Amino acid sequence: MLSKTLAQTVTKFRPSMLTAALSTGRVDIFNPTPEHAELRKMVRSFVEKEVDPQALEYNREEKFNINLFRKLGDLGLLGIVVDPKYGGAGMDATAAVLVTEELASGDPGLTCSYATHSMLLINNILRNGNEEQKMRLLPAACTGEKIGGICMSEPSVGTDVLGMRSMATPSADGSYFTLNGTKMWISNGTLDGKDTGDLFLLYAKTNPAAKYGGLTSFVVEKGMPGFTLGQKINDKCGMRSSPTAELVFENVKIPKANVIGEVGGAVFCMMRNLQIERLGIAAMNLGIARRSIEIMTRYAQERKAFGKPIAEFGQIQKMIAESYAEYMAGRSYVYQVAYNLDLDAYGKGLDGDGTKLFMAATSKRIADRAIQCLGGYGYVGEYQVERLWRDSKVTEIFGGTNEAHHKNMAKELAKLGRIE
Amino acid sequence: MKVLVPIKRVIDYAVKVRVLPDKSGVDLNNVKMSLNPFCEIAIEEAVRLKEKKIATELVAVSIGPKAAQDSIRTALAMGVDKGIHIETNLRTDQELQPLAVAKLLKEVAKREDAKLVVLGKQSIDSDNGQVGQMLASLLDWPQVTFASKVTFADDKQSLTVDRETDKGSEVVQVTVPAVVTADLRLNEPRYASLPNIMKAKKKPIETLAADSLIDAKDLQPRNTVLKVEEPAARKAGEIVDSVDSLINSLKNKAKVI
């Protein structure tokens, strides 16, 4: 069994990173150790051979490539930050960011499903679940046998999380909760368009009178009576290869053993996961940006106008140069935060928000320049950039809207007073 | 049975290669390097032999500067057990030549008591395609080159190999110990999974100086590269408007009929 084999082999990841830093004094934050470099090489090769060729079709048909997703499981990428004893690879935030960046350069939609599953669902259970829950839930999630995400937003509630209406009423003896409500915009909420996804971390109130409504984190599983697929959300602008759904919960009985953390303690669980979630989205944007830059740079050398390659025109040079500088600035920001992120700690939200806020807008802008550079060809699916542009837009909305980041960051900065 | 897999770090196949201004060789500065594709296929075949319990231990060996260890690490991540790095500062695309490589590998094969050597048919930088053949000769072992399929007998003492030649495919049977060189269609190399990349961290890589294995003068190139040039640019084709015109061009311009 996968978890047994891995348990024999891997020790905690940190020491090797420290050695690399100590021996030369310099660290390449993008690939801090040879293992990170090897991982990036492997994922890049996988993207070139297996992800790139299917991206346009799955985007066009708005369907989820479940076989390819499961291959990510075979490669050990789904459980990338998970302790080997639960079936994961035990790597750090940098590894998670690196894999996300590489996958997103090929298919941001597939990457959205990957990040949802690996960072939003798996990492949250890992940080907040108890031993029994981790042993029970993580191995199958790490192999990709079970695929899922989280249920937070509702049809009428997004940023205003505490305004949610889903209610999980405790039974008289407290041994189970009865859940009623509807969740919306759930990535991996369905996999085939016909039935629900396998496994979700769901947020619901347990006691309207209590602080935060007694917001609690529950594990909900496919097949629980009353848990159904409301509808697959179709005709999305971007991230079309990532399935999104509305999920319905009607008197779903959830056993106490499926409560993650404390009853009423969901806000704490959420806080612990936010950094890596936002870094993950920022990493997706890095992939989008990089691919856009590569495509426009190559096109500019090949396309001729007025007797010379358009790469010799100043406006094209400006597009390419500014895009690269912005990408590297964002990349450095993201990887610097990842390098210093202790996944176990209750981190400061400021830079998680900051990296995502910056990269969402930046990747959209870079993809837009790429379309402009490619002209008519940029407007057509085969040339990738219009898809990257469409995929980038939602990153200003999900995982925290731009406006939510503005609010959080301004508040944090006011508290800090000064910047070191 | 111990299997030795010699591998080489070469310029990545996708790189647009440039010649140095003094024409002494190809520009290797800041150029992306990768594991030679045929070597990757050889590693994959060796790993499959281990999975089938025909091979008991896999050893990868690579000759070159310190960076050659990158290729060894990839081999370890794919499932090879240990690596040997033979260090030299000679340019591996033109100064370190096939006979020297074969002599070095002969020493390693004997030292490791290998019963099978599986290597790529050629490297994509020098494209000599000679090492496997020379190595077999030095070791006085049978060789099968351009393998597209390898099947071991139940007693693991002999193997049947399909080999690709210009005239078609032929089937050859040899006994171990033997040298096999891998061709393109032998297999599809696996991706090193993340758990295996992590496992590779603990696998040993031993470094040896090239001149500790063979005489320093045997390492020196026997052929001197005088000049390296880019191939002549392809001329644009010509569109003709009639068959007569075509025949005339083929006869008088291209001079092929």
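Letters A, B, ... mirror the listed sequences (proteins, then strands); counts begin at 1. Excluded from the calculations below are hydrogen atoms, water molecules and symmetry mates; all remaining heavy atoms, backbone and side chain alike, are included. Model, not experiment: these values are computed from the prediction.
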Give a yes or no on whether B:F152 atom CZ has more than 12 heavy-atom contacts from other residues, nucleotides or ligands under 6.0 Å away.
yes
Considering non-hydrogen atoms only, spot the tightest contact between A:M91 and B:L194 and give its length.
SD-CD1, 3.2 Å
If you count heavy atoms of other groups shown closer than 6.0 angstrom to CD of A:E294, is the number above 12?
yes
Nearest-0.5 Å distance, OG of residue B:S193 to CG of residue A:L72:
12.5 Å
If you count the non-hydrogen atoms of other residues, nucleotides and ligands that lie under 6.0 Å from NZ in B:K149, is the total more than 12?
no
Measure the CG-CD distance between B:N196 and A:E38 for me, rounded to the nearest 0.5 Å.
11.0 Å
Sequence neighbours excluded, the answer for side chain to side chain donor-acceptor pair (under 3.5 Å) partners of A:E48 is B:Y13
Interface moiety of A:K71 toward chain B, non-hydrogen atoms closer than 4.5 Å:
neither
Grab the two heavy atoms, one from A:G76 and one from B:P195, that are nearest each other, plus how far apart they are.
CA-CD, 3.8 Å
Closest non-hydrogen contact found for B:D70 with A:K41 is O-NZ, 4.2 Å
CE (B:M198) and OG1 (A:T33) are apart, to the nearest 0.5 Å, by 7.5 Å
Other residues, nucleotides, ligands: >12 heavy atoms within 6.0 Å of A:E382 CD
no
Within a radius of less than 6.0 Å around CG of B:D154, do more than 12 heavy atoms belonging to other residues, nucleotides or ligands occur?
no
